[in-house]
Each structure stands twice: as structure tokens, then as C-alpha cells.
There are 2 protein chains.
Amino acid sequence: MKRTIKIRKPSATQDDVATAAGVSQAVVSAVLGGRTGKIGASEKLQKKILAAAAKLGYRTDSSARAMRMRRFYNLGYFTANVSQAVEQDRPEFRAGVYDTAAAQGYQVTMVRLPSRPTADTNPIPQVFRESHLDGLIINHVSLLTPELERVVTASGLPVVYLNEKRKSNAVYVDDFAGARIMTEHLLEQGYRRIAFSSTESGEHYSHADRIAGYSKVMAEHKLPTRLLPADTRRCGVDILDCLKTSKRPDAIFCSSDFHALYFQRFIHQLGLHFPDDLGLAGYNDDGYDLFLESPLTTMSIPRYDMGKAAVEMVLKLITAPEQPKVPSVCFQPGLVTGLSTQRGGSHQQRPPRPDRWPGSIM
Amino acid sequence: MKRTIKIRKPSATQDDVATAAGVSQAVVSAVLGGRTGKIGASEKLQKKILAAAAKLGYRTDSSARAMRMRRFYNLGYFTANVSQAVEQDRPEFRAGVYDTAAAQGYQVTMVRLPSRPTADTNPIPQVFRESHLDGLIINHVSLLTPELERVVTASGLPVVYLNEKRKSNAVYVDDFAGARIMTEHLLEQGYRRIAFSSTESGEHYSHADRIAGYSKVMAEHKLPTRLLPADTRRCGVDILDCLKTSKRPDAIFCSSDFHALYFQRFIHQLGLHFPDDLGLAGYNDDGYDLFLESPLTTMSIPRYDMGKAAVEMVLKLITAPEQPKVPSVCFQPGLVTGLSTQRGGSHQQRPPRPDRWPGSIM
DNA sequence: TTGTAAGCGTTATCAT
DNA sequence: ATGATAACGCTTACAA
């Protein structure tokens, strides 16, 4: 006996298409699925079926396909919430993840923790309480509770970490090398009293690595390292004190463009300018040039390609589950030479970068 | 005849749970679905079933549920790509959308256009070529091609526009009122030669509305309006020329905090300061205070609540498809008083905002 | 070359 | 209160 379940107006099914085209539903499935070789449907028949499908507005029901195929064609993209996420979940990551997933026929599902938890909010995202994903990309979510980690593990989902330094199943940046390159660049420019400054507290691996790379190069050149942490709650007094001294640094290596922009405020507050009075370097290539006195020398992070690599990695894990571990992929950042570290740079023509728009604004 | 289809290791099914608990699968479905009232399963039995489910790590197969329920429990969140999206897809929107969707048991699927289209990339996102969503939220995607619009319409999906001014099915901000409030605030502070400046070209409705609100109030006070568009490709010459004149504005109403930050650069370049030499106001409350000489007077946008409202609206459309149009929801922005528009403000104590972190950084 | 039918995991109905 | 069973739309093995 047939019972009718009609909650929403259903879109056309393959059965409807088959009826319209006067063929069996199995042929429709084969043709629409591009498996014509297997059955050898005539050109004409294919056209007829495609026409009927287009006319009826047929669209594959992803749930039915998922059930049958035992694959959801869904990847989760887990990102931190606003307050935790400083400079981690950038639009370029999302773009790389999305484009690559889409190219392989996968959807991307947003995974987050509730930003405003309420009493009746389950702290475990629903997506882990049901079967909905084939794989998961975690973009540096620092506050993963042990409970949450357990749930993720229990789900048996292939997981790839983006922006986290792990031996396997991760995609990250070689910030040690990046900091080396930047420090060497500053030395080549003739700077000697180079200080490293950051706003961050250093939870993320990259912070320690940047300091290490900087320190290493300075040591190799027998130059003293000088770390200048700048707690934003102190309103820049650390920075001001440092800049006021007679032996102030001749260049500041900022841990991020973000921090360089912050630093600029205090440089200007003292009536100083860069690169005339001191060199200023950033990191991350966040595109803040519009707000800066001089285009910033910085390190660019191939975020799009990293997102892409993360998806490729997780797809590999999905399709070859017998290999649950794959070696991590480490990307090299690239030096972007601005005028902010060029002695006498302010007297040169400012190079226009008209088409760049701050990526971080999005 | 039974054939075996095993691509991935399946997680436990209700059948497995039923076997483990020694009951029928239908009871398991009822108990796990919270429909115990209908069947009257004993407390004890429920406990047994829940225990078995937990032990086996049972998770509902969302595709099977979707197929049976004829609902995917998936919402699409359509956002523009990096280059197009200036200040539109903010993390707070995502947070509001995600939290609200999650609270109602819905997942959020990322919908974008390919950022780096290739020859073999279909410009129509896959999600529109299959049945996968119950509804769609479009956060100001300016470059919707006619073809894409057709596809969205053809999909029959309930659509809600976020950040777009439409008569129905939209959630947006009353920027006319916001600009009025800001202009009146500036007048109250004693400013008279108030200019409105923007970097934007004005594609978005909010740009025109802000100018209109500003102009209206100025006209009401019989003061001349002064528009100062600043093409970033011109490297600030418009701004510099304006600020150099003897009758320069005594306050600048910037179309965004973003623009205010840009403006600061040229203020400092001329050796001027705010609020001493002129007042500076922003819009959007993007949290750039760390980078600014003075905390900025700005308008805050209730983005989280707007995301929430958009989800509530689209859920209404989903559950009551006989009502395909609902009135739009218009949010009022709120004035945030900083010191940047306070005459003599720089001599006051800078109010600490230690816990705020620029939301736009994410 | 085309048709037939099994079965994916769930929900919900119906008969016991 | 419980168990048996249909149905959702799709893919695919196999029969014709």
C-alpha cells in the first residue's frame, strides 16, 4: 500500500523525467550521472532525457544520493568564534577551501561553537551529533574542550588541521623560515638594532616560531635580540618608552601587519616617521597599506593554496580511509618588499597598489 | 537477494541499537526522536535504549532523515568573494546566522561564487544544481548574474536578503536614520563645517542613504553640505587638498570606520590631530580604536541580531510556504560616543576598552 | 540497449 | 506496548 508523504512541494524526480522522456528511471539515472558509457545510451536518447530534465527543472536530491552512495559530499569547516579568532579565519582560507571542495563536488558546512551560549544550547555542535560530514577541516580552534575533542575523535571523521603545526594531517606555514627571511632582509637593508614586537600573547605556534627565527638570525650575526611585547591594555607605554630611548631600535619587526598598524600610532604620536626614523616590517600581508604612511614590507601567506591543500588532504583521507595519517604540508611564506624598510624610501615614488583591497576587511 | 554496499565504515544504525537493547528498531526511533509520548515506552526501556545508543556511538544519518522527512535541515549562507565584499560579510553576521540556525537544528552551508574561476568551473554553485537546502540567506552579493538569479528563483528556495534594502524578505539597517543621528551628534558637539567623506563608489544602498541622512540634517540646520569622495587610487590628494584649505571642515563624517582610519593617515601627514584640529566620526563600529589616535565616535550595527533575524525569517518561509513574502525587518544602528568628536577630548582620560578586539580582523 | 528490483537508514502507520 | 512494513529518491547489479 502506498502512503503519501508530502510536506514540501517536491521537485521533479528521475521518475518524473523518465516518464516525460518515455524511458525507464534507471536510464535517466545513468545519463544524468554521466555513466552513459556503461549502458550505451544513444546520442538521441541522451538529448531527450537531458531536455526533459531541464524542462522539469530536475535537480538531484542530495539526501537520496548520499544515502545510496554512503557519502554526504559535505566537508565541515570548523572555525573559531570572533573573540578567539585573531587573524586566523581569513576569507582567503575560506575561498581556497570552498573552491577546491566545490571543484570536487563537495559542499562546505560551517562548524562553529555557539558565540553566545545559552542555557539550552548544546555546546557540542549538532554536526557532531549526527552523521552529516565526510571530513572536517579545523582552522585553528584554540579552545577545543576535551569533551569536544572526544566527540570529534569518536565521530571517526577524517580531520585536517589548518594553521596548526602538527606532524601529520595538518597544513601550516613555516614561520621560523619566514622570520629568518624577514630578519635577513632587514639586515641587508643595513638595520642592526632590530627589535621584534608583538601584541599577541603567543598561544599560536607561529608566534614562538617567529621569535625563534628572528632570534636565530640575530645570533648568527652576533647582534643582540630585543623583544618588545606590547600589551594593548597598557595603551602603548611599552612601545613609547622603547622609542623614546636614545638607543632605540633602528627597525621594528612586527609580528603581524596588524601589530605594525598599531605600532604606527605610537611612532606618529612621537612625531617620528618610517622609514626615515626607523624601519617597520610586518607579517601576513594583510593589506593595510592604505592606512600606513609607507607600503609595508611584510611576509605573504599563501592562504588560498593552504585552504586548497587542506581540502585535498581531507579528500585523500576520505577516499583512502586505510591511510588515516598523511604527512603534513608546510608552506613557505614570501617576502613582500615595501618602502617601510627602505632607507630613504619616503623620498621615492610611492608604488601604487590600486587593485588591492584589504583582505582582512571582509 | 541482499547485496552489500560498503564504502565507508558505517556508524551504528537504529537497527544496531535495537539489537543491542533487545527491542525493535521502531521503538529506538521513537525514543531517540523524543516521541516517547506517542508510544509509551517505560522509563527503564528508554534508559536502556539511550545507553545502547551511547555505547554504540549512534548518530542519526542526516541523509536518511532528510529523505524521509523531506527536509534537509540545511540553510545556505551566500556571501560574496573577497574582492567584491567590502565590509559586508562580517563575522558577527556569521555568528548570528550560525547560532540561530543551530538552535533550530539547522546546518549552515557555505555558498559562494568561485574566487578563482577556471575553464572547467561551473559558475553556478553546485548547491543550486541539486536539492540540498531548505532556504537561502544572501548577504549582499552584488554581482549576481542574471543567470544566477534565474537559477536561484528556479530552485524555488525561500530566500532572505541580509544587508539589502528590499520591501520584503530582507533584513537591513536604517542608514538614513543612522546618518541623521550622527550628523545631529556632530552638530550638538558644536561642529558646523561638517563634511561627509567616503572611499566607496556607492553601489550599496547604505552609501546613498548615509549621504541622504547627512544632507537632510545639514539642510534642516541651513548648513552647507560638503561631500568629499576619496578615490584611494588618487593617494589622498582629494583629502589633502581639502584639509589644506583655510576653510577646512571642522569635522569629518566618514562613511565607515575603515574610511576614518584611512583619513587619519592624511590628517597625520599634515601634522594635524583629532579631535583637536577637527572632529572625526566613523560608521559601523568596526573596532579600529587600537589604531586610532582617539577612540572613534561611530555607529554600531547589530549584526548578530540581524543574522539571527534573517534565519528566523527564512525558517518562517520554510515552515509556512503558503506565505512566500514577509515584510522586511529594519534595524536601527546605535551611536557609540568616542573622544574623536569631543572638543578638547584629547585632554581627557582615554577610556579603556581592553576587552574589545577588532571584529573585522577575523 | 533497456528494464527490473534491491537496498541505503530513517520515520510513521497499522495491526497485533 | 511492540513489531512489521511502506515509503522517501537514488544507484547499480543483473536480467531480459
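The chains referred to below are lettered A, B, ... by the order of the sequence lines, with proteins before strands, and numbering in each begins at 1.
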Expressed in angstrom and rounded to an integer, what is the separation of [X] atom [atom1] from [N] atom [atom2]?
X: A:Q25; N: C:dT4; atom1: CD; atom2: C1'; result: 10 Å
X: A:Q14; N: C:dT4; atom1: CD; atom2: P; result: 16 Å
X: B:F72; N: C:dT11; atom1: CZ; atom2: C1'; result: 16 Å
X: B:R68; N: C:dA12; atom1: CZ; atom2: P; result: 6 Å
X: A:I49; N: C:dT2; atom1: CD1; atom2: C1'; result: 10 Å
X: B:E130; N: D:dG9; atom1: CD; atom2: P; result: 16 Å
X: B:L45; N: D:dA1; atom1: CG; atom2: P; result: 11 Å
X: A:L32; N: D:dG9; atom1: CG; atom2: C1'; result: 13 Å

[N] OP1/OP2 closer than 4.0 Å to side-chain N/O of [X]:
X: A:R70; N: C:dG9; result: yes
X: A:S29; N: D:dT11; result: yes
X: A:Y73; N: D:dC10; result: no

Among C:dT2, D:dG9, C:dG9, the one nearest B:D61 by side-chain distance: C:dG9

Shortest non-hydrogen contact from B:F93 toward B:N139: CD1-ND2, 3.5 Å

Donor/acceptor link under 3.5 angstrom from B:R65 side chain onto base of C:dT10: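 Side chain to base: no pair present.
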
Minimum side-chain heavy-atom gap B:V127-B:F78 below 4.5 Å: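 Not touching, per the 4.5 Å side-chain cut-off.
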
Within-4.5 Å side-chain heavy-atom neighbours: A:R129 and A:Q126: yes

N/O donor-acceptor pair under 3.5 Å between A:S328 side chain and A:R166 backbone: yes

Of all pairs that satisfy salt bridge (Lys or Arg N to Asp or Glu O under 4.0 Å), the ones with a partner from residues 146-161 of chain A, not counting sequence neighbours: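 Qualifying pairs, neighbours excluded: none.
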
Comparing A:G33 and B:S24 on DNA chain D - which has the more 5′ nearest nucleotide: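 Per heavy-atom nearest nucleotide, the more 5' residue is B:S24.
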
